[in-house]
Structures are given as C-alpha cells and as structure tokens.
Amino acid sequence: MDSELKEILKGIKGNRDFYPEDYAEYKVIFDAMHKISKQFGYELYEGPILEYAKLIEYKSGQNLTTETYRLIDREKRKLVLRPEMTPSLARLIVNQHQRYPKPIRWYCLPRVFRDETPQRGRVKEHFQLNADIIGVNHPAADAEIIALTTSIIKTAGLKDEEFVCVINSRELLQSYLEFLDIKKKEEVIRIIDAKGKYVQNAIEADLIKKGFKSSESKVLAQRLRTIWQQDPRKEKNYPDIESKSDLAQYLDKLMIIEEKEVKAALEGIGLSSEQTSKVYDFTLIKGIPQDVIVALKSLDVGDKVKLAIENMEELLTYLESFNILKNCEFDMSIARGLDYYTGIIYEFLDRTGSVARAIAGGGRYDQLVESFGGGKIPATGIGMGETVLHSILKKLNRFPSYKHPAEVYVAAISEDVIAAAAKIVQDLRKDFSVVFNPFGWKLSRQLEDAGSRNVPNMVIVGKRDLNEDKVTLRDMKSGEQITVLISKLKEELEVKVI
RNA sequence: GCCCCGAUAGUAUAGCGGCUAGUAUUGUGGAUUGUGGCUCCAUAGAGGCAGGUUCGAAUCUUGCUCGGGGCACCA
C-alpha cells in the first residue's frame with residue numbers, strides 16, 4: 001500500500017470513528033439525553049456547524065482561543081467549526097425570541113470541535129448536550145436544569161452515589177470578596193480555582209528535594225492530589241502510598257499543605273493576612289447544602305452578600321422539591337466559568353475515581369443575550385459532553401453487550417420461493433427488524449449467517465410448507481421449530497420479540 | 001506546546017540482527033442438496049511512515065504520524 005494513503009487511513013488525531021459496537025454504547029447516552037430532555041418538555045433545535053469567527057469572539061469578548069478550528073471559505077470569510085453551542089443559541093435567541101413565549105426550554109445535541117491534545121475524557125470532536133432555560137431569572141430554573149442533568153446521568157447508568165453536583169454562586173463569591181474590600185477579585189478566584197495545583201506543586205518540589213527522580217515525583221504528586229481532592233477526610237486506605245514511608249506522611253498533611261500554599265499565594269498578590277484568612281476560611285465552606293447555608297448565615301456580612309445567601313437558600317428548597325438534594329453539595333471553592341456566568345454555577349463530578357474531569361457543567365448567564373444586543377434576557381443552562389460519562393460507564397462496565405438490531409431472519413430455501421419470501425419480508429418489516437439475503441445461498445449457509453449475527457428468530461420459507469400456506473419458524477437459540485400459517489406468523493413472532 | 005508509555009494481518013499474538021515474517025481467530029469461496037454454531041479444504045490478509053547504522057533491520061537508532069496516560073491550556 002502507498003505510504004501516503006496509509007497515513008491518511010489512520011484518520012485525524014483526536015477525531016473519532018464509531019463502529020456499530022462503539023456507537024451502540026454512545027447511543028445509550030444519547031438516548032438518555034433525548035428521552036429525559038423530552039420528559040422535561042424541552043424542544044429540540046439545531047444550528048450550523050460553521051459560524052463566523054466573530055460570533056465566538058463577541059461571546060467571549062476576546063480573541064479566538066488556540067483550540068478553535070478556523071477556516072476560510074471561497075469568499076474569504078473567516079469561519080470556525082463551532083467549539084460550543086451557546087453562541088449559536090444566543091444568535092437564534094437574539095434573532096427570533098419574540099416569537100416564543102418565555103420561558104424557552106430548548107435542547108440540542110451538537111457535534112462540537114476543539115483542536116486540543118486528546119486526553120482521557122477529552123477529544124477534538126465530541127457531542128455535547130446543551131439544555132437551556134431562557135427568559136426567567138428564578139432559582140427554580142437552575143434547579144430544574146440540575147434535575148434534568150441528574151436524571152440523564154442516572155438514566156445513562158450511574159448510581160446516586162457515583163456522582164455529585166457541586167454548586168456555588170458566583171454572585172456570592174464576588175459579593176463576599178467585595179465585602180472584604182478585595183480589589184483583585186479575578187486573581188483571587190483564579191487562585192481558589194487552582195488550589196489543587198498548589199498542593200501538587202508543593203509535594204512535587206518536596207519530593208525532588210528528598211531525592212526522588214523528577215518524573216517519579218510528578219506522578220506521585222499527581223496521585224496525592226487526586227486522593228486529596230476526592231477523599232479529603234481520608235476515609236479510604238491507599239496501600240500504594242501507605243506502604244512507602246516517604247509518602248505516607250503526606251496523607252495526613254494534605255490539608256495543612258493546602259492551607260499553607262493557598263494562603264501564601266493570596267498574600268503574594270497583596271492581600272492582608274486578615275483578608276487572606278477570611279477568604280481561605282470561606283472557601284473551606286462546603287458539604288451538604290443545609291449545613292452550608294447555616295455556616296454562611298453565621299458569617300458577619302453586608303446586605304449584598306446576605307441577598308446572595310438567600311438566593312442559595314431558595315435554590316435549596318427547589319432542589320429538595322425536585323428530590324435531587326441528595327445528589328447536590330454546596331462548595332464555596334468551586335469557581336468555574338470565570339467569564340460569562342453571573343449567578344448559580346455548578347458542575348457534575350465523578351465520584352468513582354475514574355475521570356478527573358467534570359461530567360457536565362453549567363450556570364446562569366444573564367448578560368449573554370444582552371451582549372449580543374438582544375435585550376435583557378436571563379438564561380441558565382448546562383453543557384454535557386458524552387466522552388467523560390462514556391469513559392466512566394465504560395470503566396464500570398455498565399454497557400450492555402452488543403446486539404445486532406435484526407429480530408427476524410427470513411431464509412428462502414430455493415430460488416423459486418424468493419418471491420414468496422420477499423412478500424413475507426415486506427409484511428414483517430411493518431412490525432419487525434428483518435434481515436433477508438436472497439442471494440441464492442443454501443439454507444445451511446443462511447442458518448450459519450443468522451447464527452453468527454445472533455439474530456434470535458428465523459423464518460424458513462420453502463416449497464413443502466408453502467403448499468399449505470405455511471412457513472417454519474425457528475428459535476435460533478433453542479433450535480426449536482414449529483410450522484405456522486403465514487397468516488398467523490406475526491402473532492407468533494410478537495410473543496417472541498418483546 | 002511539553003512529558004511518559006506504546007505501535008507486527010480486521011482482532012489477539014510469536015519472533016528481539018539472517019524473514020521466504022509463524023500461530024489463533026475473523027473475512028471470502030467451497031465440501032454435508034430443507035436445518036447453522038463442529039470438522040475439513042482452498043483463498044485473502046501485517047512489522048505506522050520516512051531516514052540512519054549494518055553485508056544484512058520487524059528487531060538497533062533519529063524524526064514524524066497515530067493510539068493510551070498526564071501537564072499546561074480550555075471548560
């Protein structure tokens with residue numbers, strides 16, 4: 001084979017081929033997304049894969065990130081392969097929202113593209129469910145999106161204890177920083193967001209000082225970071241770490257390391273030691289929502305912060321009404337969505353330890369539509385890629401084994417009954433998935449074919465039966481056969497195919 | 001962009017400087033003429049790509065490509 005052709009046939013890095021067995025797994029997730037979105041009364045929409053580069057720039061108010069696929073068309077227009085759906089959604093809303101009564105509940109399952117290095121749960125091309133409520137600014141809307149997402153994740157195959165939705169309020173975080181008279185809010189948020197990295201870097205540096213090899217230190221520090229993030233109270237045992245005396249000591253000190261490193265970073269950008277410890281203590285507030293509300297209420301804060309806390313409390317009541325409180329935690333250290341989110345923000349995290357990335361993430365973005373010149377239209381929504389969820393479910397072995405779609409295999413024994421068989425096939429196809437191979441194959445070959453594809457039922461059409469208006473119905477698994485009148489065939493099959 | 005690991009038929013693997021590249025399974029065709037999954041026969045199919053070292057490279061080496069994992073980034 002030509003060497004160039006060989007390279008081409010490998011495909012583009014990070015883009016994916018879905019063979020039928022693979023697609024069947026993703027379909028479990030897609031079906032859950034469609035089914036639940038419909039259950040919640042969301043309408044399906046779609047947009048173009050190509051958009052003007054400017055549209056993405058408007059949304060973010062900055063230049064295109066390096067990850068966006070760019071292209072130029074024949075008319076020299078600068079276009080992009082959509083890296084996310086929200087800008088297109090905002091475009092649709094700005095253009096025609098007046099046609100629709102509010103709130104608008106829409107969902108979409110677009111293929112989106114990002115030119116980034118593939119990692120676990122991260123590829124260049126993926127499907128990303130978007131579900132949004134547009135036109136109301138009410139905590140119940142945020143709660144509904146969280147309920148919808150929870151339901152999808154559970155329908156796809158995860159159990160309650162295997163994931164968690166962590167919730168914070170950007171409004172609360174910001175107003176609290178304002179209350180403390182902190183100017184560099186963005187930088188503080190960035191440090192809080194990256195605290196895991198501070199812990200990891202400190203451990204890595206310490207390990208190198210102790211004489212570990214640089215590459216080994218990196219791996220070990222990562223492992224400790226993962227433990228610290230997923231199990232801060234150290235409830236489980238970690239034999240791989242505990243067996244090494246050099247490492248075991250870190251397990252108990254993770255919280256201390258975090259405090260020291262994060263505080264140093266905060267003071268490093270000019271916060272007073274009082275501001276630093278107040279901010280740090282604030283980020284430690286996390287846990288079951290009721291407890292967090294109590295802790296927040298005990299803080300001595302201004303009216304603006306109190307309002308934000310009341311908002312959180314209201315959200316809590318809706319989470320409870322929607323029966324998803326058990327899936328939720330409030331966590332003041334979650335700082336996702338620096339740029340666009342304005343209120344409640346949330347992300348769904350894996351608790352099985354398979355994948356570090358978020359399963360889904362979303363929040364309230366009340367100013368986005370306005371920034372496109374579309375008037376003050378509040379909105380909240382979620383984005384959920386299929387890759388992280390798939391990766392977790394795969395690791396847990398939750399996908400059913402692959403099944404060929406055909407329910408019935410119709411075999412014609414000889415060429416002179418093909419016409420009669422074809423007629424039966426046509427009729428059966430109104431109710432069943434039917435495979436028919438009228439290629440003049442011998443019966444034994446057709447039996448083997450049906451067997452190798454795991455088609456459960458076979459209808460054998462031959463002259464002998466046909467003379468009495470009958471066919472033979474064979475159960476491929478047991479090998480049992482009965483002859484039935486053609487007119488009764490469907491009835492018989494209906495019992496077998498459920 | 002950076003780091004680690006890997007790459008032999010569709011799949012799973014063997015060989016580790018002497019290749020005419022072995023095995024299993026899968027594919028295709030056939031042998032039992034209206035009853036398969038067994039057996040048998042035939043047939044097809046591979047060292048990711050490009051260069052270097054060497055008398056000789058699948059094997060050693062360099063770069064790239066693709067895959068897996070991580071960092072940074074992004075969310």
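We name chains A, B, ... by the order of the sequence lines, and we start the count at 1 in each one.
Annotation: B:U11 and B:G70 have their P atoms spaced 24 Å apart (nearest Å). For B:G34 and B:U20, the P atoms lie 49 Å apart once the distance is rounded to whole Å. Distance noted for atom C1' between B:C64 and B:U23: 32 Å (whole Å). Between the P atoms of B:A58 and B:G67, the separation comes to 25 Å (whole Å). Rounded to whole Å, the separation between the P atoms of B:G15 and B:A31 comes to 39 Å. Only the C1' atoms considered, B:G47 is 4 Å distant from B:U8, to the nearest whole Å. Here the separation of B:C3 from B:A44, taken at their P atoms, is 45 Å to the nearest Å. Atom P of B:U54 sits at a distance of 41 Å from the matching atom of B:U43, rounded to the whole Å.
When heavy atoms are screened at a 4.0 angstrom cut-off, A:Gly383 is found touching no nucleic acid atom at all. Within the nucleic acid shown, A:Gln481 comes within 4.0 Å of at least one base atom, counting heavy atoms only.
Glycosidic conformation of B:G22 is anti; the angle lies outside 90° of 0.
Here the P atom of nucleotide B:C64 and the CD1 atom of A:Ile12 are 20 Å apart, to the nearest Å. Atom-to-atom, CD of A:Glu21 to P of B:U26 comes out at 15 Å; the value is rounded to the nearest Å. In this structure, A:Arg82 atom CZ and B:C74 atom P are separated by 23 Å, rounded to whole Å. Remark: P of B:G67 and CG of A:Leu9 are 14 Å apart, rounded to the nearest angstrom. Distance A:Lys394 NZ to B:G69 P: 13 Å, rounded to the nearest Å. Atom CD in A:Glu7 sits about 11 Å away from atom P in B:G67, given to the nearest Å. Going from atom NZ of A:Lys442 over to atom P of B:G34 covers 9 Å, rounded to whole Å. The CG atom of A:Leu443 sits 15 Å away from the P atom of B:G30 (whole-angstrom rounding).
Relative ring orientation between A:His390 and A:Tyr26 is described as parallel, the plane-to-plane angle staying below 30° on a 0-90° scale split at 30° and 60°.
Note on A:Lys6: a side-chain N or O is less than 4.0 Å away from OP1 or OP2 of B:C49.
Donor-acceptor pairing under 3.5 Å, judged by distance alone, is present between the side chain of A:Thr117 and the base of B:G1.
Put simply, the side chain of A:Arg351 does not reach to within 4.5 Å of the side chain of A:Phe163, judged on heavy atoms.
For A:Ile12, the CD1 atom sits in a loose shell: 12 or fewer heavy atoms of surrounding residues, nucleotides or ligands are nearer than 6.0 Å.
Of the candidates A:Ile377, A:Asn137, A:Thr380, A:Asp366 forms a side chain to side chain contact (heavy atoms under 4.5 Å, CB included) with just one, namely A:Asn137. Here the options are A:Thr283, A:Ile344, A:Ile334, A:Ile285, the test is side chain to side chain contact (heavy atoms under 4.5 Å, CB included), and the partner is A:Asn168; only A:Ile334 passes.
Using the Watson-Crick or G-U wobble rule with both distances under 3.5 Å, B:U54 pairs with nothing in any strand shown. A 3.5 Å limit on both hydrogen-bonding distances identifies B:U65 as the Watson-Crick or G-U partner of B:A7. Base pairing of B:U59: no nucleotide in any strand meets the Watson-Crick or G-U wobble criterion (both distances under 3.5 Å). With a 3.5 Å ceiling on both atom-pair distances, the Watson-Crick or G-U wobble partner of B:A31 is B:U39. When Watson-Crick and G-U wobble pairs are counted only if both distances are under 3.5 Å, B:A21 pairs with no nucleotide at all. Applying the Watson-Crick and G-U wobble criteria (two distances, each under 3.5 Å), B:C16 pairs with nothing in any strand. Using the Watson-Crick or G-U wobble rule with both distances under 3.5 Å, B:C71 pairs with B:G1.
Interface residues of residues 402-423 of chain A facing RNA chain B, ordered by number: A:Ile413; criterion, heavy-atom separation under 4.0 Å. The stretch residues 456-478 of chain A touches RNA chain B through A:Ile460, A:Gly462, A:Lys463, A:Arg464, A:Asp465, A:Thr472, A:Arg474, A:Met476, each having a heavy atom under 4.0 angstrom from the strand.
Residues A:Gln128 and A:Glu448 each lie close to RNA chain B; by heavy-atom proximity, the contact nearer the 5' end of the strand is made by A:Glu448. Between A:Arg453 and A:Val123, the residue anchored closer to the 5' end of RNA chain B is A:Arg453, taking for each the nucleotide with the nearest heavy atom.
When distances run from any side-chain atom of A:Lys13 to the nucleotides B:U35, B:C71, B:C66, the shortest one goes to B:C66. In the set B:G48, B:A75, B:G34, B:G48 carries the atom at the smallest distance from any side-chain atom of A:Lys10. Side-chain proximity of A:Arg445 to B:U35, B:G29, B:U65: nearest is B:G29. The side chain of A:Gln119 has B:C71 as its nearest neighbour among B:A31, B:A75, B:C71.
No cation-pi contact links A:Arg429 to A:Phe436, judged by a cut-off of 6.0 Å to the six-membered ring centre and 45° from its axis.
Closest heavy-atom contact between A:Ala131 and A:Leu148: CB-CD2, 3.4 Å.
Salt-bridge formation is detected for the pair A:Asp449/A:Arg453: a Lys NZ or Arg NE/NH1/NH2 atom is positioned less than 4.0 Å from an Asp or Glu carboxylate oxygen. A salt bridge links A:Arg111 with A:Glu125: the closest approach of a Lys/Arg side-chain nitrogen to an acidic carboxylate oxygen falls below 4.0 angstrom.
Between the side chains of A:Tyr52 and A:Arg91, no donor-acceptor pair is found at a separation under 3.5 Å. Judged by distance alone, the side chains of A:Asp132 and A:Tyr365 do bring a donor and an acceptor atom under 3.5 Å apart.
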inquiry  = With salt bridge (Lys or Arg N to Asp or Glu O under 4.0 Å) as the criterion, how do A:Arg82 and A:Glu46 come out once you've worked through the C-alpha distance, each side chain's angles and the decisive distance to 0.1 Å?
reply    = CA-CA 12 Å; A:Arg82 61 184 177 197; A:Glu46 187 41 297; 3.1 Å; yes
